[in-house]
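The structure under discussion appears below in the form of structure tokens.
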Amino acid sequence: MADITVSLPDGSTRQLPTGSTGADLAASIGKRLARDAVVAEVDGRAKDLDAVLLDGETVRIVTVQDPMAAEHLRHSTAHVLAQAVLDLWPGATFAGGPAIENGFYYDFELPDGGSFTDEDLIRIDARMREIIAADQPFERFELPLDEARSLMADHPYKQAFMDLAANGDDADGEVSSSDAFGDGVISFYRNTPEFVDMCLGPHVPTTGRLANFRLMRHGGAYFRGSEHNPMLQRIYAVAFPTAAELESYLTQQEEAAKRDHRKLGVELDLFSFPEEVGSGLALFHPKGGIVRRLMEDYSRTRHEEAGYEFVYSPHITKADLFETSGHLDWFADGMFPPMELDVPETDDAGDRTDGTSYYLKPMNCPFHILIYRSRMRSYRELPLRMFEFGTVYRYEKSGVIHGLTRVRGMTQDDAHIFTTKEQMGDELGSILVFVLDLLRDYGLDDFYLELSTRPPGKAVGSDEEWTEATEALGSVAESMGLELVLDEGGGAFYGPKISVQTRDAIGRTWQMSTIQVDFQLPQRFDLTYVGSDGERHRPIMIHRALFGSVERFFGVLVEHYAGAFPAWLAPEQVRILPVADPHLDYAHECAAELRGHGFRVDVVAADETLGSRIRRAKGEKVPYVLVVGDDDVAHRTVGVNPRGGEVERNVPLVSFAERLRGDVESKS
RNA sequence: GCCCGAGUAGCUCAGUUGGCAGAGCAGCUGUCUUGUAAACAGCAGGUCAGGAGUUCGAUUCUCCUCUCGGGCUCCA
């Protein structure tokens with residue numbers, strides 16, 4: 001009866017009756033495999049388990065334990081979400097619903113322009129669990145385009161996907177999981193007589209296989225991600241193959257919420273955003289001010305050692321400068337509107353006179369260029385490295401402002417390096433080493449790099465320049481031995497860039513530093529240097545920010561450390577608590593001695609119980625609490641209560657000072 | 001900018017057919033003098049984000065503005 005032979009991943013073969021499916025194969029191998037099977041991978045392509053196998057195919061059964069399984073489970077759960085919403089909102093229509101990292105989403109348009117509420121998510125969740133309990137099959141079928149259109153007659157967004165496919169215009173399609181287009185036919189999956197979704201598949205055999213999901217939030221989303229399209233209502237969910245994975249994800253989310261720098265910023269009295277100042281404009285309080293100053297001071301020291309020269313530039317400048325730089329052509333939307341000085345008015349003769357516009361600077365580069373251009377430059381001066389903590393202002397759209405990580409006023413640790421073409425490769429290499437070194441000192445040591453190449457369409461600079469710069473960046477990136485992700489066409493029009501992505505203590509990634517090659521500005525400002533041949537040459541400019549912005553980096557550090565800054569950055573390193581009033585003088589003596597070593601120390605007198613004062617110090621995440629009582633006064637010792645450690649009694653003050661010195665020097 | 005939601009004491013939050021504004025913590029003043037994560041008592045604290053409107057009367061209902069949160073788009 002064995003009419004077909006299929007190969008298995010271990011190289012063995014298996015014979016099955018003609019017409020057998022992936023599910024049949026799994027069942028023939030083992031009960032457990034059949035139970036855990038999600039989809040079949042046939043000759044490297046994922047297919048439904050009930051797809052008929054052909055002679056000679058290589059088949060792998062993808063089980064819930066397989067890393068590939070999650071994507072299919074998520075996507076299948078998205079269909080259940082769609083069915084639930086279409087059930088509950090007669091007249092609603094749906095667009096796309098792909099699997100994404102950790103889960104999936106689905107976009108809908110509700111009748112009369114409605115939108116979802118938090119309560120709706122509860123109803124939808126309940127309906128989804130009914131659908132899952134009903135163990136509905138996912139039945140695949142295919143239709144020619146015209147029949148597909150009439151089946152989806154009530155669903156304009158599905159029609160739009162068909163149009164895109166018919167025009168072959170799906171190149172940029174982010175919403176790709178809904179393209180259900182094979183060779184001139186369109187595939188669908190039917191769960192019930194009423195519910196059919198257009199989809200390429202594959203899916204799990206039945207809805208009963210789905211369980212471990214949670215609807216997370218709802219929000220608006222433009223159709224196909226373009227602000228020129230209608231806004232749909234999106235529901236996000238997370239989903240995992242097992243309940244344990246779902247649980248662990250949700251726990252991690254709670255942990256992340258506890259680290260939120262906006263929350264900790266208030267609790268630890270670090271910074272605030274008063275409504276009176278304006279959206280996206282931060283005030284740093286004294287404690288935040290200490291942390292920030294320490295970050296900046298250390299950065300200055302390291303830049304000085306690395307051969308950077310320090311420059312300063314004003315916050316506002318005449319419009320002409322940004323005309324020349326091109327900012328007003330391509331960045332005007334991101335700039336605050338101009339201040340009109342010497343306002344145009346009618347002069348004595350009745351003619352209008354022109355005023356002068358000043359702009360808040362959105363970037364520092366034009367100023368550094370003017371410093372470069374202030375006199376003739378020799379090749380002997382290059383590479384010339386200019387550094388500034390430059391405060392810039394950008395008119396970010398109101399919906400994007402977010403704590404310290406997205407603001408309207410920020411200070412960049414900005415450097416511009418002018419090099420010869422020949423020096424560029426070496427210089428890029430040493431910049432990258434410098435950047436990564438410094439980030440490690442701030443406690444971030446898990447990186448990957450992203451290389452953004454020439455954007456399609458118009459870009460400044462010759463092909464040779466782009467190739468040369470991109471290759472230089474690429475080889476420098478590779479020499480770091482770090483993971484390198486290619487961001488094809490993601491560069492600015494004036495040059496390619498490397499961005500450093502860092503993972504924090506709980507695995508989230510943040511874009512930090514960028515290193516960008518610029519062919520554009522040296523041309524626009526006609527920058528030159530005199531080479532050894534006595535001729536003038538055009539330098540290349542490298543833009544480089546390490547923190548990105550001091551504000552963002554500050555926010556990332558708060559979250560990375562969950563507010564518990566290492567001793568070298570902590571606003572208050574030591575808090576000394578006398579057990580009772582008679583020990584107060586000794587506490588102050590200890591404080592004076594530690595301050596003499598350059599440590600930041602406070603004393604809190606015994607107005608409250610010791611337990612209460614310790615609790616407060618712990619809440620404020622002070623690295624060391626020292627308790628001093630009778631024994632300590634007698635022997636010049638302290639009781640050391642370290643953050644996250646065990647209490648030690650009778651520690652000589654000098655030993656403690658050494659310990660703290662060690663923490664500070666090792667930045668731990 | 002767009003879709004949705006929210007804004008009550010420094011912080012976390014109560015407050016319904018529209019009728020004088022509430023708690024805990026923090027703060028201040030006393031008392032307590034404490035050996036490692038919450039002593040006790042009292043006091044003070046508010047134009048209920050701001051502005052218009054409806055109403056005899058608005059924290060509550062309507063509209064506008066500002067700010068914040070979750071998304072989209074964008075980005076350091």
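Remember, predicted model here, so these are calculated numbers, not experimental data. We name chains A, B, ... by the order of the sequence lines, and we start the count at 1 in each one.
Residues A/P582 and A/G619 both approach RNA chain B. Their nearest nucleotides, taken by heavy-atom distance, put A/P582 toward the 5′ side. Take the nearest nucleotide of RNA chain B for A/G629 and for A/R616: the residue whose nucleotide is more 5' is A/R616.
Residues satisfying the salt bridge (charged side-chain N to carboxylate O under 4.0 Å, His left out) criterion with A/R649, sequence neighbours excluded, are A/D631. With sequence neighbours excluded, the residues satisfying side-chain hydrogen bond (donor to acceptor under 3.5 Å, both in side chains) with A/H303 are A/S299, A/R544. Legend: residues meeting side-chain hydrogen bond (donor to acceptor under 3.5 Å, both in side chains) with A/W89, ordered by chain and number and at least two apart, are absent. Under the rule for a side-chain hydrogen bond (donor to acceptor under 3.5 Å, both in side chains), A/E450 has no partner lying at least two apart in sequence or in another chain.
Rounded to a whole angstrom, the distance from the C1' atom of B/C2 to that of B/A38 is 47 Å. Going from the C1' atom of B/A58 to that of B/U16 covers 14 Å, rounded to whole Å. Nucleotides B/C63 and B/A23, compared at atom C1', are 33 Å apart to the nearest Å. When the P atom is compared between B/C74 and B/A14, the two are found 37 Å apart, to the nearest whole Å. The gap from the P atom of B/G45 to that of B/A21 amounts to 14 Å, rounded to the nearest Å.
The CD-P distance, from A/E109 to B/C4, rounds to 13 Å in whole Å. In this structure, the CD atom of A/E275 is 9 Å from the C1' atom of B/G7, given to the nearest Å.
Contacts of A/R649 with the nucleic acid, taken as non-hydrogen atoms under 4.0 Å apart, include base atoms. Base engagement by A/D632 is indicated by at least one non-hydrogen atom pair under 4.0 Å involving a base atom.
In this structure, the side chains of A/H327 and A/M363 come closer than 4.5 Å at one or more pairs of heavy atoms.
By the 30° and 60° cut-offs, the orientation of the rings of A/W330 relative to A/Y494 is tilted. Ring geometry, A/F271 versus A/F284: the interplanar angle falls from 30° to 60°, so the pair is classed tilted.
In this structure B/C72 sits in a base pair with B/G1, meeting the Watson-Crick or G-U test at under 3.5 Å. When both distances must be under 3.5 Å, the Watson-Crick or G-U wobble mate of B/A41 is B/U29. With a 3.5 Å ceiling on both atom-pair distances, the Watson-Crick or G-U wobble partner of B/G24 is B/C11. B/G46 is unpaired under the criterion used here, namely a Watson-Crick or G-U wobble arrangement in which both key atom distances are under 3.5 Å. Searching all strands for a Watson-Crick or G-U wobble partner of B/C63 with both distances below 3.5 Å returns B/G51.
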**Contact state string [nucleotides 68-76 of chain B, B base, S sugar-phosphate only, - no protein heavy atom under 4.0 Å]** = SSBBBBBBB

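Counting non-hydrogen atoms of other residues, nucleotides and ligands closer than 6.0 Å to OH of A/Y395 gives a total of 12 or fewer.
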Could I get a table of every N or O pair under 3.5 Å where one atom is in the protein and the other is in nucleotides 38-45 of chain B?
| from | atom 1 | to | atom 2 | distance (Å) |
| --- | --- | --- | --- | --- |
| B/A38 | N7 | A/R615 | NE | 3.3 |
| B/A38 | N7 | A/R615 | NH2 | 3.0 |
| B/A38 | N6 | A/R615 | NH2 | 2.8 |
| B/A38 | N1 | A/R615 | NH1 | 3.4 |
| B/A38 | N3 | A/R615 | NH1 | 3.4 |
| B/A39 | OP1 | A/T609 | OG1 | 3.2 |
| B/A39 | OP2 | A/T609 | OG1 | 2.6 |

**Prompt:** Between A/H218 and A/Q233, is a side chain to side chain donor-acceptor pair (under 3.5 Å) present by the stated rule, with each step listed?
**Reply:** CA-CA 7 Å; A/H218 54 92; A/Q233 300 301 319; 5.6 Å; no

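A/F387 and A/F310 have their aromatic ring centers within a separation under 6.0 angstrom.
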